[in-house]
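Worksheet: the structure to be examined is printed underneath.
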Amino acid sequence: MKKIRLKKTDIKGTFHKLKNLKKEDVKAWWKAKRERRARIIEERRNSAFARKMQPVYKFMNRFSLVFHMLLACAINFAIEAISRHSAFEAWGYTTETPLVFLYNAFMIFCTFSIVYLVKRRVFTRIIVTVFWMVIGVTNGYMLMKRVTPFNAQDLKVASDGLTLINNYFNGFELVVLGIGIAAVVVWIVSMWKRGGQYAGKVRKVWALVGIVASFGAYALVSDLAVEKRVVSTYFGNIAFAYEDYGLPYCFMASLFNTGINEPTDYSEKTLDTITNHNEITKSETGRSEEELPNIIFVQLESYFDVDEAEFFTTSQDACPNLHEMYENYSSGYFKVPSVGAGTANTEFEVLTGMNLRYFGPGEYPYKTYLKEKTCESAATALQSLGYGSHALHNNGGNFYSRARVFNNTGFDSFTSKEFMNILQMTENGWAKDDILVQHILEAMDTTPQQDFVFGISVQGHGDYPEEPVLEEPVIKVEGIEDEALKNKWEYYVNQVYEMDQFAGHLVQAVKERGEPSVIVFYGDHLPTMGLKAEDLKGRYLYNTNYVIWDNIGLEKQDRNVAAYQIMADVFDRLDIHSGSVFNYHQERRKTKNYLADLELLQYDILYGDQYVYGGKPPITAEDTHMVMGVRDVTLQNLVPHLDDGYSLYGENFTKSSKIFVNGEKQKSNFLNNTRIDISEVELKDGDVISVNQMGSSNTLFRKSDDYIYQGGELVRQEGTATDKTKSWVEQADKEKIK
């Protein structure tokens, strides 16, 4: 057997060649490479297979428009099959609504028209195909995890979503995702080299004319499709809209159709009539200062009364505290704008009184408007009557841009999970809600007057595990045969039970506080469980439940209410008349043109000339002053370790507390709310130490006073902490610039 010898790498020779490399050598190398590439292409063109395929290529190029349309139809069918998780359902959609199918295929066809501008047409077709398939695969996966399909607004919260990636992907799925992305990238790169080039002349002028003509034809077809009701510009249910009108149209509608379009009869005169000569901007109450109660709104994540479900039973009452409240206080169905997702949109309707139906399909105003611009809200309405206003959420402060949104809607403070020492988590990684009780009370303690508190819970968040993860569930679920579905509902029901316990604890704590108070509990949307209307007693997927607890003797009045009306309803019962939109609801509800005029009012406030305010809106960027958290983080002393590093002792530390020395973040280890250890640093006299509360993406939420290290002691520099008289956003932006 012949022995194989490996050639030894000539490293020394290689370095010698590189050392003596000349400019002419580089040019010659590139020239040789281009000539070699040209030879390879020429050989491929003249190969037996290429000569045999030339008539086929010629035929396909001549009728490329027809083949593009066929390819568009194939792609459209593929992405619908992926989205619907069934090729049979996709076929049903194709055959039952052929005009909708062809309309969406026409959109995809238009995107293929760009191939006529380039020589690398195979590669360009691959890029366009991958674009549509990525949208289809993303939508299909998202619909496995939630009810709301993939839309353009998801792209705007993508950075926030990355912080929760472990809640939606397990380790195996992340590996598969990474491999899949890498494989597609490698394939695309290889096709750039191997895809070949169009041999004919590229007529770019005619190509541009064709592209404009195809998109112009699509615009005309779109107008006709809307006019003939083949598709619609309003999505009452975005999930159903995707099923009825197809993924391509719905996704693009969510991308380009945002905000509120100017109503045809918008004018100063019209607004003057609607607002009764700006009378709705009044801020007044019939109650004395002592009679005004604290107002607490608590939004319960994915909550609804599980007794409303007709297809299973529970071993015991899952909501004993809330059921007792339903019996003794005002309650009813709570109409929300979404199913299975859209927490921030329910918040938006409750806080502003605005109806989401006038915005673009699938839009999150938190991202498209309130992230950058100010708007009146329940916080500003009650502040005008002397209330303090506080927002709380046991999840990240940056998620859905809440920190900026709450600042722009006039809140005094926002306590997010970065300011909480959360010790109890659900089995799928969400903070439990009972932590909110102490922080709600602490927020109220920061002001001597009445308070408005808006709390957002997170415990009930999906995805719900198909495997049994609760060792000893308090409540058992019966009546569901499918084991995986039963496990999901049993997990969810037990989270609802603990959320109900949280509601009971909060009511008890407020009772013991002894101040006049009103607490409103409501669910933001139904859970992501594939519920159908026939599964529920109310036969409606947009209903959750609400109750208004109080200790001031309000009359029990049970009725159903929409999310955008609840704040005005509570205000009216308390004889509070403040906030333009809330006053509008109180005066115009159940009157002629109520909803049409509400659209005009919303447009004027957000996108129009703000005639309602007479040029003086109730809140501007200069008026914002929200701070993150309500407690100062302080340092008291430090103790050096025997080897290296220090133990810092102080107050109000959390896992989000990061130690900075001379402006640079140090490696630290959070131990408890009074101790943090730092290592890999040797302090010297004059070093400046501070504790910063950090959010995702290295966002600075709040900064302690600076402390000077001097002779082994810490000397506090008063007045160097976060300025509580200025907007958190203003200070955070300045810190980023610095």
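All residue numbers refer to positions in the sequence shown, counting from 1.
Of the residues listed (Val336, Leu356, Thr544), the one engaging Thr346 in a side chain to side chain contact (heavy atoms under 4.5 Å, CB included) is Val336, and it is the only one. Results of the side chain to side chain contact (heavy atoms under 4.5 Å, CB included) test with Phe297 over Val570, Ile456, Val518, Leu351 single out Val570 as the only residue that passes.
Taking 4.0 Å as the cut-off between side-chain N and carboxylate O, Arg631 and Glu442 count as a salt-bridged pair. With respect to Glu347 and Arg402, a salt bridge is recorded, a charged nitrogen being found less than 4.0 Å from a carboxylate O. Taking the charged nitrogens against the carboxylate oxygens, Lys667 and Asp677 have no contact shorter than 4.0 Å, which rules out a salt bridge.
To the nearest 0.5 Å, atoms OG1 (Thr343) and NE2 (His525) are separated by 3.5 Å.
Between Trp549 and Phe521, the ring center distance fails the sub-6.0 Å criterion. Here Phe348 and Phe359 bring their ring centres to under 6.0 angstrom of each other. For Phe150 and Phe251, the ring centers sit closer than 6.0 Å to each other. Two rings, from Tyr400 and Tyr364, have their centers less than 6.0 Å apart. Taking the six-membered ring for Trp, Phe406 and Phe411 have ring centres closer than 6.0 Å.
In this structure, Phe311 and Trp489 have perpendicular ring planes: the angle between them is above 60°, well past the 30° mark. Ring geometry for Tyr464 versus Tyr492: interplanar angle over 60°, hence perpendicular rather than tilted (30 to 60°).
Between the side chains of Tyr491 and Asn428, at least one donor N or O lies within less than 3.5 Å of an accepting N or O. With no hydrogens or angles considered, no side-chain donor-acceptor pair links Glu363 and Ser254 at under 3.5 Å.
Within the structure, side chain to side chain donor-acceptor pair (under 3.5 Å) contacts touching residues 308-326 (residues at least two apart or in different chains) are Tyr303-Tyr326, Asp305-His323, Glu308-Tyr333, Glu310-Arg539, Asp317-His323, Asn321-Asp500.
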Step-by-step side chain to side chain donor-acceptor pair (under 3.5 Å) determination, His390 to Asp451: CA-CA 8 Å; His390 317 278; Asp451 292 284; 2.8 Å; yes
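Judged as a side-chain contact (heavy atoms from CB on, under 4.5 Å), and not counting sequence neighbours, the contacts of Gln459 are Thr426, Lys432, Asp433, Gln495, Glu498, Met499. Remark: Glu466 pairs with Ala484, Lys488 by the side-chain contact (heavy atoms from CB on, under 4.5 Å) rule, at least two apart or across chains.
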